[in-house]
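Down below is the structure, laid out as structure tokens.
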Amino acid sequence: MRTINRVLRYARPAPASAVLKPASRQPRWVAYFVYAPHGHLSPSQRFTLDRLKASVLPLLVVCACPRGAAVLQALGGCCDALLWKDPPGYDFSAYRLVLSHLADCSPGADVLVMNDSVYGPFADLREVFDTAPWALTGFTASNLREAHIQSYAFLLRNLRPSTLVRLAPVLPPGIAFNQFRHIVDLQETRFARVAARSMSVGALWFGNVRDVSDATLVRPMELLDNGFPFLKRSLLGKHEGVIERDAVLARLQALGHPVPFGIGT
């Protein structure tokens, strides 16, 4: 009841959106959420797009930006499907939009969803499609607050309209949340629990808070050494100082990533 009350209190109408380039039916999709409120791509977003295109997997981009921004025309030439949304609503509003579109246009597809809070990928994502044993696979999980998959990236198998019905408590149609703490409390930390009612759920790496609160922040180099495909942008932003900045920059340079200027998110 408390969760329902919070949803009713904090929910806002889902942000405006439009299909600019519809998806075709494919067995696999990678969906990338790009946040571009100023209407242009950052070097790290361009790097990620280049790496995703090189994976030879069908690529859907959902971009949060001003409607009619030039970035949408640029994105249309480098992806197989393109959706637009207004900037409010955080990543889960983009995830709902992506999954609804692909459930209708490409039912039965396996869909890897990621946002732009990470640098990379620095490993072949096709291996995740080939080997992940669960219906919902997180790249990392934590038991901070409760056991949950971290929502910067996940793989959802056999996506169909019925999947969205089952996930509606965390991906509700028609509404979104505009504050970060509500996304964490009402969507991210509940995602695995809600999904586990109707499908198998797991994660490729797990951080137990007794040892590691968030492995992507305190063990990023060890993760990369063991095949983890991403590096969190917040290591050069709000979590700068968790590990040495120079170590992050050196590793990015070794991985062929342009040296970031400004602050990560």
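- Tyr119 and Leu255 end up in the same hydrophobic cluster when Ile, Leu, Val, Met, Phe, Trp and Tyr side chains are linked at under 4.5 Å.
- Val56 and Val111 sit in two unconnected hydrophobic clusters of ILVMFWY residues. Membership requires side-chain heavy atoms under 4.5 Å apart, directly or through other members.
- A pairwise comparison of heavy atoms in Arg96 and Pro173 identifies NH2-CB, 3.6 Å as the closest pair.
- When all heavy atoms of Pro87 and Ala64 are compared, the closest pair comes out as CA-CB, 3.9 Å.
- Summarising the geometry of Asn158 relative to Arg160, their closest heavy-atom pair is OD1-NE, 2.9 Å, with the distance given to 0.1 Å.
- Under the 30°/60° scheme for interplanar angles, the aromatic rings of Phe47 and Phe122 are found to be tilted.
- The two residues Tyr152 and Ser117 make their nearest non-hydrogen contact at CB-OG, 3.5 Å.
- Side-chain contact between Arg166 and Arg197 is absent, with no heavy-atom pair separated by less than 4.5 Å.
- Side chains of Ser44 and Arg233 form a contact here, defined as non-hydrogen atoms less than 4.5 Å apart.
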For Leu97 and Ser17: C-alpha separation, side-chain torsions, deciding distance, then whether side chain to side chain contact (heavy atoms under 4.5 Å, CB included) applies. CA-CA 8 Å; Leu97 182 61; Ser17 64; 3.6 Å; yes
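- For Arg12 (side chain) and Pro88 (main-chain N/O), no donor-acceptor pair under 3.5 Å exists by modelled atom type.
- For the atom pair Ser93 OG and Asn178 CG, the distance stands at 8.0 Å (nearest 0.5 Å).
- Using modelled atom types and a 3.5 Å distance limit, the side chains of Asp80 and Gln26 yield no donor-acceptor pair.
- Annotation: side chain of Leu75 is not in contact with side chain of Lys21 (no heavy-atom distance under 4.5 Å).
- Contact annotation: the side chain of Cys65 approaches that of Leu72 to within less than 4.5 Å [non-hydrogen atoms, C-beta and beyond].
- Counting only heavy atoms from C-beta outward, the side chains of Val259 and Leu252 never approach each other to under 4.5 Å.
- Using a 4.5 Å cut-off on side-chain heavy atoms (C-beta onward), Leu235 and Leu217 make contact.
- One distance of note links CG of Leu59 with OH of Tyr32; it measures 9.5 Å at 0.5 Å rounding.
- Rounded to the nearest 0.5 angstrom, Cys63 SG and Leu41 CG are separated by 6.5 Å.
- The only member of Tyr95, Phe33, Phe139, Phe92 that meets ring pair (Phe, Tyr, Trp, His ring centres under 6.0 Å) when paired with Phe154 is Tyr95.
- Put simply, the side chain of Thr48 gets close to the backbone of Gly120: a donor and an acceptor are under 3.5 Å apart.
- Classified by interplanar angle (parallel below 30°, tilted 30° to 60°, perpendicular above 60°), the ring pair Phe228/Trp205 is perpendicular.
- Formation of a donor-acceptor pair under 3.5 Å by the His148 side chain with backbone atoms of Glu188 is not found in this model.
- Met221 has its side chain within reach of Val248: a pair of non-hydrogen atoms, C-beta onward, lies under 4.5 Å apart.
- Between the side chain of Arg25 and the backbone N or O of Pro107, at least one donor-acceptor pair lies under 3.5 Å.
- Judged by distance alone, with hydrogens and angles left aside, the side-chain atoms of Thr137 form no donor-acceptor pair with the main-chain N or O of Gly202 at under 3.5 Å.
- Between Asn115 and Ser151, the closest heavy-atom pair is ND2-O, 4.1 Å.
- Within the 4.5 Å cutoff, the side chain of Cys78 has heavy atoms near those of the Lys53 side chain.
- One hydrophobic cluster holds both Val19 and Leu99 under the rule that ILVMFWY side chains link at heavy-atom gaps under 4.5 Å.
- When every heavy atom of Pro121 is checked against every heavy atom of Arg51, the shortest pair comes out as O-CZ, 3.3 Å.
- Distance CG/Leu186 to CZ/Arg181: 10.0 Å, rounded to 0.5 Å.
- Atom CD of Glu222 has more than 12 neighbouring heavy atoms from other residues, nucleotides or ligands inside a 6.0 Å radius.
- For Arg157 and Asp110, the salt-bridge test passes: some basic side-chain N is under 4.0 Å from an acidic carboxylate O.
- Side-chain atoms of Asp116 come within 3.5 Å of backbone N or O of Tyr35 as a donor-acceptor pair.
- Ring orientation note: the planes of Phe177 and His182 are nearly perpendicular, at an angle over 60° on the 30°/60° scale.
- Atom CG in Leu20 sits 11.0 Å away from atom CD in Gln73 (nearest 0.5 Å).
- Note that CG of Leu204 and OG1 of Thr140 are 9.0 Å apart. Values are rounded to the nearest 0.5 Å.
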